[in-house]
Amino acid sequence: IVRAPLRMAVKEIQRFVDSKAAWIDKHLAIIQQRQRPVEAAFTIEQLHQFADAAKQDIPQRVARFAALMGITYGRITIRAQKSRWGSCSAKGNLNFNCLLMLCPEEVRDYVVVHELCHRKELNHSPRFWVEVGKVLPGYAVLRKWLKDNGGAIIRRLL
């Protein structure tokens with residue numbers, strides 16, 4: 001669907017669309033890739049297993065990276081979330097998605113470091129990303145993995 005001013009010439013609209021053809025094709029391919037068949041939803045039992053595993057795994061990762069970074073934090077909560085992998089409150093409480101247990105260990109490290117860096121910068125400014133890069137110089141690859149694969153995992157929530 002192309003939206004344009006009523007008085008714009010059709011030729012001008014077509015010229016604009018043609019000039020953006022590569023961008024349009026690229027993004028249509030991304031959308032089609034993300035619309036792969038959805039696997040069966042997780043059962044309640046599976047979610048409990050992921051949460052139990054995360055309660056063992058995530059706090060250890062948080063403690064290790066917090067010590068490395070010289071950062072304090074508050075409470076750690078593990079939940080099944082449909083829209084977030086993790087979050088950090090202004091008080092320093094950390095929340096993590098139990099579905100992280102389905103991600104590679106390095107991706108779990110990235111999410112932990114990402115949330116701990118919010119203890120220094122409670123935003124996503126360039127300064128924030130510098131902090132992430134200090135701990136995980138190759139974080140962009142891990143972030144991309146989450147972007148490319150995370151949606152398929154989260155879509156399996158009930």
Side-chain angles (χ1 to χ4, degrees), residues 1-3 20 23-158:
I1 296 173
V2 176
R3 299 188 191 272
K20 302 296 180 188
W23 185 92
I24 292 168
D25 290 342
K26 174 186 167 189
H27 286 85
L28 283 174
I30 290 169
I31 291 168
Q32 288 172 344
Q33 181 183 1
R34 288 182 182 160
Q35 292 177 339
R36 291 176 282 208
V38 176
E39 295 182 47
F42 295 119
T43 64
I44 296 296
E45 293 79 21
Q46 286 175 309
L47 292 175
H48 285 300
Q49 288 173 348
F50 300 149
D52 289 344
K55 286 175 186 173
Q56 297 301 311
D57 182 82
I58 301 293
Q60 292 176 1
R61 290 177 194 279
V62 170
R64 179 168 41 99
F65 282 107
L68 179 73
M69 299 164 67
I71 293 175
T72 61
Y73 56 92
R75 189 176 57 249
I76 296 174
T77 305
I78 307 291
R79 291 184 276 189
Q81 298 170 288
K82 291 185 179 183
S83 62
R84 296 179 186 265
W85 291 105
S87 62
C88 176
S89 74
K91 292 181 178 181
N93 294 323
L94 305 172
N95 298 298
F96 294 98
N97 195 324
C98 70
L99 299 181
L100 282 168
M101 298 313 296
L102 297 172
C103 299
E105 285 192 35
E106 307 83 48
V107 172
R108 280 182 257 159
D109 287 344
Y110 161 69
V111 173
V112 166
V113 168
H114 180 114
E115 298 313 329
L116 286 171
C117 284
H118 283 308
R119 296 292 291 136
K120 291 185 175 184
E121 292 288 335
L122 200 55
N123 55 51
H124 289 113
S125 68
R127 290 187 315 270
F128 168 82
W129 293 109
V130 166
E131 293 298 328
V132 175
K134 286 178 184 176
V135 183
L136 295 174
Y139 77 86
V141 172
L142 305 170
R143 185 175 183 215
K144 183 175 180 345
W145 188 95
L146 206 51
K147 183 176 183 179
D148 292 346
N149 301 285
I153 295 170
I154 286 182
R155 281 192 294 273
R156 293 182 62 194
L157 278 176
L158 298 172

Quiz item: Counting heavy atoms not belonging to Arg84, are there more than 12 under 6.0 Å from its CZ?
Solution: no
Self-check item: Any donor-acceptor N/O pair, Asn97 side chain to Gly86 backbone, under 3.5 Å
Solution: no
Quiz item: Checking Asn149 side chain against Trp145 main chain: does a donor-acceptor pair fall under 3.5 Å?
Solution: yes
Do [X] and [Y] touch side chain to side chain, with heavy atoms closer than 4.5 Å?
X: Glu105; Y: Arg61; answer: yes
X: Arg79; Y: Asn95; answer: yes
X: Cys103; Y: Ile153; answer: yes

Hey, what do you get for [atom1] ([X]) to [atom2] ([Y]), rounding to the nearest 0.5 Å?
X: Glu115; Y: Ile58; atom1: CD; atom2: CD1; answer: 10.5 Å
X: Lys55; Y: Thr77; atom1: NZ; atom2: OG1; answer: 9.5 Å
X: Glu121; Y: Glu131; atom1: CD; atom2: CD; answer: 6.5 Å
X: Leu100; Y: Phe50; atom1: CG; atom2: CZ; answer: 11.5 Å
X: Leu142; Y: Asp109; atom1: CG; atom2: CG; answer: 8.0 Å
X: Asp148; Y: Arg143; atom1: CG; atom2: CZ; answer: 11.5 Å

Give me the atom names and distance for the closest heavy-atom approach of [X] to [Y].
X: Leu157; Y: Ala80; result: CD2-CB, 3.9 Å
X: Phe65; Y: Val112; result: CD1-CG1, 4.1 Å
X: Ala54; Y: Cys98; result: CB-CA, 4.1 Å
X: Lys82; Y: Ile154; result: O-CG2, 3.0 Å
X: Arg119; Y: Cys88; result: CD-SG, 3.8 Å
X: Arg156; Y: Ala40; result: NE-O, 2.7 Å

Self-check item: Presence of salt bridge, Arg155 and Glu39, under 4.0 angstrom
Solution: no
Exercise. Applying side chain to side chain contact (heavy atoms under 4.5 Å, CB included), run through Leu102 and Phe42 and close with a yes or a no.
Key: CA-CA 12 Å; Leu102 297 172; Phe42 295 119; 3.3 Å; yes
Practice problem: Starting from the C-alpha separation in whole Å, work towards a yes-or-no answer on side chain to side chain contact (heavy atoms under 4.5 Å, CB included) for Leu94 and Arg75. | Solution: CA-CA 6 Å; Leu94 305 172; Arg75 189 176 57 249; over 6 Å; no
Practice problem: Scan for ring pair (Phe, Tyr, Trp, His ring centres under 6.0 Å) pairs involving residues 93-116, sequence neighbours excluded, and state none if there are none. | Solution: Tyr110-His114, His114-His118, His114-His124, His114-Phe128, His114-Trp129
